[in-house]
Amino acid sequence: GAVVSQHPSRVICKSGTSVKIECRSLDFQATTMFWYRQFPKKSLMLMATSNEGSKATYEQGVEKDKFLINHASLTLSTLTVTSAHPEDSSFYICSARVEGDTQYFGPGTRLTVL
Amino acid sequence: EDQVTQSPEALRLQEGESSSLNCSYTVSGLRGLFWYRQDPGKGPEFLFTLYSAGEEKEKERLKATLTKKESFLHITAPKPEDSATYLCAVQGPSNTGKLIFGQGTTLQVKP
């Protein structure tokens, strides 16, 4: 199957700083990638859809100025959490869509904001 | 409103004890139904995609089936390494690729 990587896998930062998370499709090109957030013992919550070469589409209630998404190439999407606060601490997961609509997920990034 | 409901929420099995997980869905025009496995602290791992009622797919001890209202994930003679949370998701008729996830079933298989 298709492989998606995320970097970093774990990050701890101080409140007020910005954190960038990278999502890469390693063996295929993805015109569409997705960013999810997952709370403990909960299912995945879609934050935004990232399309290569165009602006991301954010879900209702997600602050686009706080969660900046850039899909710079067919294999890379980045999520930047700006001015992070403790309530932004969470598990962030990206996915990439392939032909047939299947999404392959990255391993996730655990963000802890102190 | 499009909706996905998984049951049971949690399931404990003895090794070798076969069972089924249920995923009921309400969506106007199903493009696809997806099953994933998620281990603690990791991203979901793709298992199956089903596109139309009557379709079945198998992989090792897992078999997924689809009807017009629900999908089942059958686990035959499970082993402890099958312990995980199993997520079901559907995609509606739009081409956005957006998935609607159920809450998952956490499976524990005891040796």
Side-chain angles (χ1 to χ4, degrees), chain A residues 1-7 9-10 21 23-26 28 30-52 54 56-60 62 71 77 90-112, chain B residues 1-10 21 23 25 27 29-52 55 57 59-60 62 64 66 84-108:
Chain A
V3 180
V4 177
S5 71
Q6 273 184 250
H7 179 79
S9 58
R10 191 177 291 267
I21 303 170
C23 176
R24 293 182 185 272
S25 56
L26 296 186
F28 65 101
T31 54
T32 306
M33 290 184 172
F34 302 87
W35 287 95
Y36 294 83
R37 185 171 177 176
Q38 188 173 34
F39 294 99
K41 298 191 184 299
K42 298 290 185 183
S43 194
L44 282 73
M45 181 188 82
L46 179 65
M47 298 174 65
T49 302
S50 168
N51 293 296
E52 188 267 338
S54 63
T57 304
Y58 290 82
E59 294 301 301
Q60 194 171 7
V62 177
H71 197 145
S77 176
S90 194
F91 192 51
Y92 292 89
I93 313 173
C94 71
S95 72
R97 179 186 180 189
V98 301
E99 229 176 278
D101 293 331
T102 296
Q103 290 183 28
Y104 288 89
F105 287 82
T109 297
R110 172 74 59 193
L111 170 64
T112 303
Chain B
E1 184 184 342
D2 298 340
Q3 199 168 2
V4 178
T5 304
Q6 291 187 246
S7 62
E9 193 173 311
L21 313 183
C23 171
Y25 64 91
V27 64
L30 180 73
R31 279 179 69 103
L33 184 142
F34 308 87
W35 281 100
Y36 291 89
R37 168 195 170 127
Q38 186 176 26
D39 293 301
K42 298 188 177 180
E45 174 189 343
F46 171 71
L47 293 175
F48 304 109
T49 302
L50 301 168
Y51 293 104
S52 57
E55 191 174 358
K57 289 195 176 171
K59 178 182 176 181
E60 295 180 355
L62 300 177
L66 180 65
T85 295
Y86 291 85
L87 297 168
C88 170
V90 299
Q91 186 184 349
S94 75
N95 193 31
T96 62
K98 286 171 58 172
L99 295 180
I100 303 163
F101 277 90
Q103 291 302 307
T105 294
T106 300
L107 172 66
Q108 183 181 26

Between B:Gln38 and A:Gln38, does any side-chain donor sit less than 3.5 Å from a side-chain acceptor?
yes
Which pair of non-hydrogen atoms, one from B:Thr96 and one from A:Phe34, has the smallest distance, and what is that distance?
O-CZ, 3.5 Å
Which atom of A:Ser43 lies closest to which atom of B:Phe101, heavy atoms considered:
OG-CB, 3.5 Å
Around atom CZ of A:Arg110, are there more than 12 heavy atoms from other residues, nucleotides or ligands closer than 6.0 Å?
yes
Is B:Lys57 atom NZ crowded by more than 12 heavy atoms from other residues, nucleotides or ligands, each under 6.0 Å away?
yes
Would you mind checking which part of A:Thr49 comes under 4.5 Å of any heavy atom in chain B, side chain (CB onward), backbone (N, CA, C, O), both or neither?
side chain
Counting only non-hydrogen atoms closer than 4.5 Å, does A:Glu59 touch chain B with its backbone (N, CA, C, O), its side chain (CB onward), both, or neither?
side chain
B:Asp39: which residues meet the side chain to side chain donor-acceptor pair (under 3.5 Å) condition with it, sequence neighbours left out?
B:Arg37
A side-chain contact here means heavy atoms from C-beta on lying under 4.5 Å apart; do B:Lys42 and A:Pro107 qualify?
no
Answer yes or no: is there a side-chain heavy-atom contact under 4.5 Å between A:Phe105 and B:Leu87?
no
Distance (rounded to the nearest 0.5 Å) between B:Gln91 CD and A:Thr102 OG1:
9.0 Å
For B:Leu99, is it the side chain, the backbone, both or neither that has a heavy atom under 4.5 Å from a heavy atom of chain A?
both
Any idea which of A:Asp101, A:Leu44, A:Thr57 has the most non-hydrogen atom pairs under 4.5 angstrom with chain B?
A:Asp101
